[in-house]
Amino acid sequence: MARVVPAGTLSLALCVLVGFTQSSRNCQHAPLPGSQDGPHDLDCYFTGDIKNGFNCSWRPGIHDTNNTRYILQIHWSSKRNTTLPGIAIPFHTIPRNKLYISTTASIWVETMNTCEKSKPIILVPLLSGRPEPPSDIKYNWISGQLHLQRRAQEKYLHQIAIRKVGTIERRLFNFTQAGTIDELEQPAAYEFKARCKTIPATSLWSLWSIENYVPPELIYKLQIHAPVTKLLTDPGRRSVVIHWEAVNDSRHDRTRYNITIERLPAEPRNVKNTLQVDGEKHCLRLSHAPYKVRVQAYNSVSSSPASEIVISPDNPIELRNKITATPLGNDSLFISWNPIKGKRTKYVIDWGRVNGTETDITHSKVIPKELQNYTLKGQFNPKQRYRIMLHRRAKKRKELTPTEVTIGIVDVYTVEGTPRVGPPNIMVTDILKSSAVIRWDHIPEDECQGFLQGYKIFYYSRGSSKSNLTYLAAVTVNSSATNYTLSGLLQKTFYALEISGFTKAGEGAKSRLVAFETKNFGNVNKIILLQ
């Protein structure tokens, strides 16, 4: 390796080389210096402080054995030469007291018995410092680029030799304190080794570091499976198991996962917590409020895009109507509950529209005081069903996230209306001479516009024309019923019926007319749908 030597020493170095060709011993038949038959690739340097000594290493020749002994020769330009004989291994540290650190030297190594010599190297010891190989370079992927950074007390020039795993050709890249390597294949694993020299560059390059393995960048979202929910024995809480596809890297098994649990709606004082897990599933203990869960894979060099799912609010039977909600016009609701005695508690009230089987919780209010009632202010649309959820949180806990428990759930209308439609899918079955069974489906909740209190079944006798109907009676059944048996009918007679639902506001729209004929012995009767 070439060395930087002071100006004016070239002629002196030539004189030293002349001395090199004249061995102190009779070696007339020695091979040419630098041949791989003998010691070669001599390298001399110091690391840290030269007071700790000057290191020289070389490669042994192909004829060298365990019994080979070496002589390290140092010819100084203006000082007495130094000879270090009897070295048993191809490495030696020259003590500081054997050095003229500011003087140009020619150094070579030779074998004691065969006179095989290395090529000489010319250097000034003080200018031959070599830093330690860099072992603290930080690196990470960002959008397909590999970012490198090293924070050191001294300023260094770094050189990176990088290659894709499984390939031979390396790409060289230089940087000082930080740098970015782009145009790399994605997703792919890479490995690199590094070396450095001080700035200004009066030192030698360090030796190459060990290989650093760079796992592929995590560029794909995780696939999250549908969560599995179970009620806990503690009322007001549920167990939700989140499971996702694991990230596998045969050479890098330190992939972990960030799970962020965000309480919805995302009000400023609602809970948001992040935790780290090793496996591909995690069990959460949650209240019955809605939550958003984000899962993100990460390792030492990158993190994947976040995948997220929403855990819908739950409406368990045992918590229904545990609180009360009284409308105060269209702009407020009075909520009341039984307080928790003996515990320092704050409450959270959620509310939002109920649309069919879905609950859209859009508002949340944290109540810091220990209360037993609260008036919700807001705009509530008439004839729209709302769900109110009340939760409690412990005020002081050691955990990062306070435990939340759902106390009660109640549905409310500020103003009720009548059902817009009658029940669908009306059928008449099991028709006999004097009876028939009527079956229907419930009126969809979105069409009720109020709390359904029951159904009314109107039935008529029918003459020869569709318009010739004679009202007979109306039967009332409760809101949970989906069938009713009409009895006391006449045989071989045409009947028609229609059904409506009713709420506190009154009776709603009737269903379509359905006609049928009772049996006479041996006859088969048809069900007729009247338009």
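- Counting heavy-atom neighbours within 6.0 Å of Gln177 CD, excluding the residue itself, gives a total of 12 or less.
- Shown here are the side chain to side chain donor-acceptor pair (under 3.5 Å) partners of Glu185, two or more places apart in sequence or in another chain: Lys164.
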Please lay out, stage by stage, how Tyr45 and Leu123 fare under the test side-chain contact (heavy atoms from CB on, under 4.5 Å). CA-CA 9 Å; Tyr45 59 91; Leu123 54 82; over 6 Å; no
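- You'll find the side chain of Lys346 stays beyond 4.5 Å of the side chain of Val348, heavy atoms only.
- Judged by distance alone, with hydrogens and angles left aside, the side-chain atoms of Ser209 form no donor-acceptor pair with the main-chain N or O of Ser135 at under 3.5 Å.
- Side-chain atoms of Ser307 do not come within 3.5 Å of backbone N or O of Gln223 as any donor-acceptor pair.
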Pair Ser287, Glu404 - check side-chain hydrogen bond (donor to acceptor under 3.5 Å, both in side chains), show working. CA-CA 6 Å; Ser287 70; Glu404 181 176 281; 2.6 Å; yes
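- Using a 4.5 Å cut-off on side-chain heavy atoms (C-beta onward), Pro60 and Thr68 make no contact.
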Assess the residue pair Gln73 and Ile71 against the criterion (side-chain contact (heavy atoms from CB on, under 4.5 Å)); give the C-alpha distance rounded to whole Å, side-chain angles, the decisive distance to 0.1 Å, and a yes or no. CA-CA 6 Å; Gln73 299 279 11; Ile71 300 172; 3.7 Å; yes
Begin from the C-alpha positions of Arg150 and Asp136 and carry the test salt bridge (charged side-chain N to carboxylate O under 4.0 Å, His left out) through to its verdict. CA-CA 7 Å; Arg150 185 187 184 201; Asp136 54 351; 2.7 Å; yes
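- Side-chain contact between Ile409 and Pro316 is present, with at least one heavy-atom pair separated by less than 4.5 Å.
- Partners of Phe175 under the ring-ring contact (aromatic ring centres under 6.0 Å, His included) rule, at least two apart in sequence or in another chain, are His158.
- Under the ring pair (Phe, Tyr, Trp, His ring centres under 6.0 Å) criterion, no residue pair touches residues 278-322, with sequence neighbours excluded.
- Within the 4.5 Å cutoff, the side chain of Thr362 has no heavy atoms near those of the Arg353 side chain.
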Run the numbers on Val109 and Ile87 for side-chain contact (heavy atoms from CB on, under 4.5 Å), then give the verdict. CA-CA 10 Å; Val109 64; Ile87 302 171; 6.0 Å; no
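- Using modelled atom types, one finds no donor on one side chain facing an acceptor on the other under 3.5 Å when comparing Thr167 with Glu169.
- Here the CG atom belonging to Leu148 is positioned 12.0 Å from the NZ atom belonging to Lys138, to the nearest 0.5 angstrom.
- Of all heavy-atom pairs spanning Pro313 and Met389, the tightest one is CB-SD, 4.0 Å.
- Atom CZ of Phe334 has more than 12 heavy atoms from other residues, nucleotides or ligands within 6.0 Å.
- In this structure, Phe54 and Phe46 have tilted ring planes: the angle between them lies in the 30° to 60° band.
- Between Trp244 and Ile259 the shortest side-chain heavy-atom distance falls below 4.5 Å.
- Below 30°, between 30° and 60°, or above 60°: for Trp351 and His363 the angle between ring planes is below 30°, a parallel geometry.
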In sequence, state the C-alpha distance, the side-chain angles, and the governing distance for Leu333 and Ile388, and then conclude on side-chain contact (heavy atoms from CB on, under 4.5 Å). CA-CA 10 Å; Leu333 290 170; Ile388 314 298; 3.9 Å; yes
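- Other residues, nucleotides and ligands place no more than 12 heavy atoms under 6.0 Å from the CG atom of Asn338.
- Contact record, Tyr347 with Leu390: CB-CD1, 4.0 Å, taken as the closest heavy-atom pair.
- By the neighbour-count criterion of 12 heavy atoms within 6.0 Å, atom CD1 of Ile62 is densely surrounded, having more than that number from other residues, nucleotides or ligands.
- When each of Leu72, Leu42, Thr111, Ile107 is tested with Ser118 by the rule side-chain contact (heavy atoms from CB on, under 4.5 Å), just one qualifies, namely Leu42.
- For Arg59, the salt bridge (Lys or Arg N to Asp or Glu O under 4.0 Å) partners at least two apart in sequence or on another chain are Asp41.
- Across every non-hydrogen atom of Thr406 and His391, the tightest pair is OG1-ND1, 2.9 Å.
- Among residues two or more places apart in sequence or in another chain, the side chain to side chain donor-acceptor pair (under 3.5 Å) test is passed with Thr82 by Trp76.
- A donor-acceptor pair under 3.5 Å links the side-chain atoms of Trp337 to the main chain of Leu371, judged by distance alone.
- Atom OG1 of Thr260 is separated from atom NZ of Lys292 by 11.0 Å, given to the nearest 0.5 angstrom.
- Separating the CG atom in Asp43 from the CG atom in Leu204 is a distance of 7.0 Å, to the nearest 0.5 Å.
- No side-chain heavy atom of Tyr190 sits under 4.5 Å from any side-chain heavy atom of Leu146.
- Ring planes of Tyr139 and Phe192: perpendicular class, angle over 60° (limits at 30 and 60°).
- In this structure, Ser302 OG and Ile219 CD1 are separated by 9.5 Å, a value rounded to the nearest 0.5 Å.
- Using a 4.5 Å heavy-atom cutoff, the side chains of Glu116 and Pro39 are in contact.
- Side chains of Ile74 and Ile94 form a contact here, defined as non-hydrogen atoms less than 4.5 Å apart.
- Under the 4.0 Å criterion applied to side-chain N and carboxylate O atoms, Lys230 and Asp314 are not assigned as salt-bridge partners.
- Other residues, nucleotides and ligands place no more than 12 heavy atoms under 6.0 Å from the CZ atom of Arg285.
- Listed by first then second residue, pairs satisfying side chain to side chain donor-acceptor pair (under 3.5 Å) with a partner in residues 91-101 read Asn55-Thr93, not counting sequence neighbours.
- Heavy-atom minimum distance, Leu222 versus Glu245: CD2-O, 3.6 Å.
- In the displayed structure, Asp182 atom CG is contacted under 6.0 Å by more than 12 heavy atoms of other residues, nucleotides or ligands.
- Put simply, CD1 on Ile162 and CG on Leu172 are 10.5 Å apart, with the number rounded to the nearest 0.5 Å.
- For the pairing with Ile242, the side-chain contact (heavy atoms from CB on, under 4.5 Å) check across Val228, Val277, Ile309 returns one residue only, Ile309.
- Taking CH2 of Trp58 as the start and CZ of Phe91 as the end, the distance is 8.5 Å to the nearest 0.5 Å.
- Minimum interatomic distance between Ile361 and Gly352 (heavy atoms only, all atoms of both residues): CD1-N, 4.0 Å.
- When every heavy atom of Gly236 is checked against every heavy atom of Leu319, the shortest pair comes out as CA-CD1, 3.9 Å.
- Checked by atom type and distance alone, the side chain of Glu217 pairs as donor or acceptor with a backbone atom of Gly144 at under 3.5 Å.
- When each of Lys365, Arg263, Arg387 is paired with Asp350, the salt bridge (charged side-chain N to carboxylate O under 4.0 Å, His left out) condition holds for Arg263 and for no other.
- Distance alone, capped at 3.5 Å, is enough to place a donor-acceptor pair between the Gln296 side chain and the Ser304 backbone.
- Salt bridge present: Arg163 and Glu191 bring a charged side-chain N and a carboxylate O closer than 4.0 Å.
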